2 protein chains.
Amino acid sequence: MKNMSVKKKRNGPIMFPKATLERLKMYHALLQEEKSEYISSEEIARKLSIKPEQVRKDISYLDYSGKPKVGYHISSLVDALDELFGTKLRDNIIIIGAGHLGKALANYKGFVNFGIRVVAIFDNDPEKLGTYAGELVVLPLKDLDRVIRRFNVKIGTICVPGESAQKTVDLLIKKGIKAIWNFAPVILEVPENILVENMDIARSVLTLKHLLDRTPTGKIR
Amino acid sequence: MKNMSVKKKRNGPIMFPKATLERLKMYHALLQEEKSEYISSEEIARKLSIKPEQVRKDISYLDYSGKPKVGYHISSLVDALDELFGTKLRDNIIIIGAGHLGKALANYKGFVNFGIRVVAIFDNDPEKLGTYAGELVVLPLKDLDRVIRRFNVKIGTICVPGESAQKTVDLLIKKGIKAIWNFAPVILEVPENILVENMDIARSVLTLKHLLDRTPTGKIR
DNA sequence: CTATTATCGTTATAATTTTCACGTTATATT
DNA sequence: AATATAACGTGAAAATTATAACGATAATAG
């Protein structure tokens, strides 16, 4: 009750609930598309099929306030979200695995919007070595060390097959990588100071299959 | 208190908490890799950095029971999860957008493990029409209708750029698609009977960036 | 065959997250 | 200038989810 507006101050890292972070990413996606100057919690909520109170609560975690009677000033709110996610700071990342997915990621033009730059792509398959993925030549893993140091790479992207994912990760960690962006369809074991974000792309379709079987819409199988 | 073992019976669709479903998918991924015959909640928990009670609670939602003193019989538990996700039933899906990502998905060999078959890939870019993505020829969108009907397609995969995602989705829904697997980096508006699973691949790296800035590990930027 | 023990399943408790309800404030109106 | 109003911000209540505690049971050992 005392000191009620200080909740959002940075005294010790605030922990965002996982679900809140996910929603904040959705607001970020939504607002980047918006053309108008202001938007209300109600409109955001409607577009995301959630409740306006939820939106206001989520935004209250940020270092940003809306205006009564008007709503949220979109570009300022986007700035606050950019701050939260660090999209204005650039991180150099590397991709391991120059298969279809690795190359697709290497070719993706949108990373710049998230403060990401792909500085190298690696593979040990002789067939792939020296071929191009976008602007980048596929390098052998023996160059890892050099690249990680030269570009101060913290994030490693795993696009190798499941079978080789764990040993690739072990290697990356040995070389100093701090965070793993994992596209392989396996669970990785890492030391607790290493971050892992799993992006098991294909498996994500199971949510749809599950729901299709259980909602009136999909019931007609 | 009365009728305590009926909780998991199918009387009206049970709603799984979103977080539980996500963990169940992780168990599925983990168990598929396991070589042994049995596994304990404790071991699952350790590998996923969660609590054993959580694992047992999650599994209690399933139509499956472990054995005291022994643990879970892995292949039976995988069966129960397969049942939950419908991986044994085949769904035919289509991909719209034959860019790098669309083609990478079309080439992905692992879908069979999830009961998914990609039956067609579409694009309206004349450059891409007629080119190949894996076994599939890229088709023009005018063939949508025919393909959806012929293969009874319920799931449409959006791999077009953000700008054209919404109108692509509108079209798919008009043609009878019931679920959208969205890889475009935008929020889609759909009628409430349509399912959407967002896979905003690039944006997912923001979680890592956010955490890197806030954990001892990553603090050295 | 009985006792012991490891591990599950489940109820009870605690923690977290969401929703509600309402007070506050900036803008618009008379 | 005072009043009305729309939308935010937030503390409190409700709902949900996670954790803990413990009783039940199957395997094992003696």
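Lettering follows sequence order; numbering is per chain, from 1. Owing to the predicted nature of the structure, the values given are computational and were not obtained by experimental measurement.
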Polar atoms only, N or O, under 3.5 Å: list the protein pairs with nucleotides 13-17 of chain C and their distances.
none

Taking OP1 and OP2 of [N], is either one under 4.0 Å from a side-chain nitrogen or oxygen of [X]?
X	N	result
A:S41	D:dC8	yes
B:Y38	C:dA6	no
A:S40	D:dA6	no

Under the criterion side-chain contact (heavy atoms from CB on, under 4.5 Å), which of B:I158, B:N198, B:I155 is the partner of B:W181?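 Of B:I158, B:N198, B:I155, side-chain contact (heavy atoms from CB on, under 4.5 Å) with B:W181 is met by B:I155 alone.
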
Charged N-O contact under 4.0 Å between [X] and [Y]:
X	Y	result
A:R203	B:E22	no
B:D91	A:K209	yes
A:E42	A:K47	no

Whole Å only: how far is the [atom1] atom of [X] from the [atom2] atom of [N]?
X	N	atom1	atom2	result
A:D58	D:dT10	CG	P	14 Å
B:Y72	C:dA6	OH	P	17 Å
B:M15	D:dA15	CE	P	18 Å
B:K57	D:dT17	NZ	C1'	8 Å
A:H73	D:dC8	NE2	P	14 Å
B:Y64	C:dT10	OH	P	14 Å
B:I59	C:dC8	CD1	P	8 Å
B:L24	D:dT17	CG	P	13 Å

So for atom CD, which belongs to B:Q166, do other residues, nucleotides or ligands contribute more than 12 heavy atoms lying within a distance under 6.0 Å?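 Buried by this count: over 12 neighbours within 6.0 Å.
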
To the nearest 0.5 Å, what is the distance between CG on A:L81 and CD1 on A:I59?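 Going from the CG atom of A:L81 to the CD1 atom of A:I59 covers 7.5 Å.
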
Pairing donors with acceptors under 3.5 angstrom, does anything connect the side chains of A:T207 and B:K18?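 Per modelled atom types, A:T207 and B:K18 side chains form no pair under 3.5 Å.
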
Below 6.0 angstrom between ring centroids: does that apply to A:Y108 and A:F111?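 Between A:F111 and A:Y108, which both carry aromatic rings, the centre distance is below 6.0 Å.
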
Mind checking whether B:Y61 and B:F16 have ring centres under 6.0 Å apart?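 Yes.
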
Classify every nucleotide of nucleotides 21-30 of chain C by which part a protein heavy atom approaches to under 4.0 Å, writing B for the base, S for the sugar-phosphate alone and - for neither, in 5'-to-3' order. B---BBBS--

